[in-house]
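Okay, structure first, notes after.
Values below: all heavy atoms of this structure, side chains included; hydrogens, waters and symmetry mates excluded.
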Amino acid sequence: MPNPNLVAQIDQITERVELLLQRHDELQRTNAQQADHIHALTQERDSLKSRLNAARNRVDALIERLSEHTPAVPAPPADTAR
C-alpha cells in the first residue's frame, strides 16, 4: 500500500506541473501575439519612414525650383552709424 504522504506530495507536484504547463502555453500565445504586433509596427514604421523621405524629397525639389525662379534679394546695407 502506497504511503499517503507520498501520494499527497505526488498529487501536489502533478497539480503544480499542470499549472506550469498552462502558464507556459499562455506565455507562448502572448509571445506570439507580441511578435505579430512588433512585425506590424515595424512595417508601419518602415512605411512612414518611406513616406517621410518621399515628402522630404518633394519639399527639397520645390525649394530648388523656387530658388531657381526667384531673383536674388540684395542684402540690406550694413549699418555704418556705429
Let me confirm one number: the NE2-CG distance from His24 to Leu20, rounded to the nearest 0.5 Å. 10.0 Å
Can you list the residues that meet the side-chain contact (heavy atoms from CB on, under 4.5 Å) rule with Arg16, with sequence neighbours excluded? none
List, by chain and then residue number, the residues other than Val17 in its hydrophobic cluster (Ile/Leu/Val/Met/Phe/Trp/Tyr, side-chain heavy atoms under 4.5 Å); write none if there are no others. Ile13, Leu21
For residues 57-69, which residue pairs pass the salt bridge (charged side-chain N to carboxylate O under 4.0 Å, His left out) check, not counting sequence neighbours? none
Counterpart residues, side-chain contact (heavy atoms from CB on, under 4.5 Å), relative to Glu26 (two or more places apart): Arg23, Arg29
With sequence neighbours left out, write down each residue that passes side-chain contact (heavy atoms from CB on, under 4.5 Å) with Val59, or none if nothing qualifies. Ile63
Can you list the other members of the hydrophobic cluster that holds Leu6, where links are side-chain heavy atoms under 4.5 angstrom apart? Ile10
Run the side-chain contact (heavy atoms from CB on, under 4.5 Å) test against Leu48 and tell me which residues pass, sequence neighbours left out. Glu44, Arg51
Name the atoms and distances for all side-chain donor-acceptor pairs under 3.5 Å in residues 31-40, with sequence neighbours left out.
unit_1 : atom_1 : unit_2 : atom_2 : d
His39  : NE2    : Gln43  : NE2    : 3.4

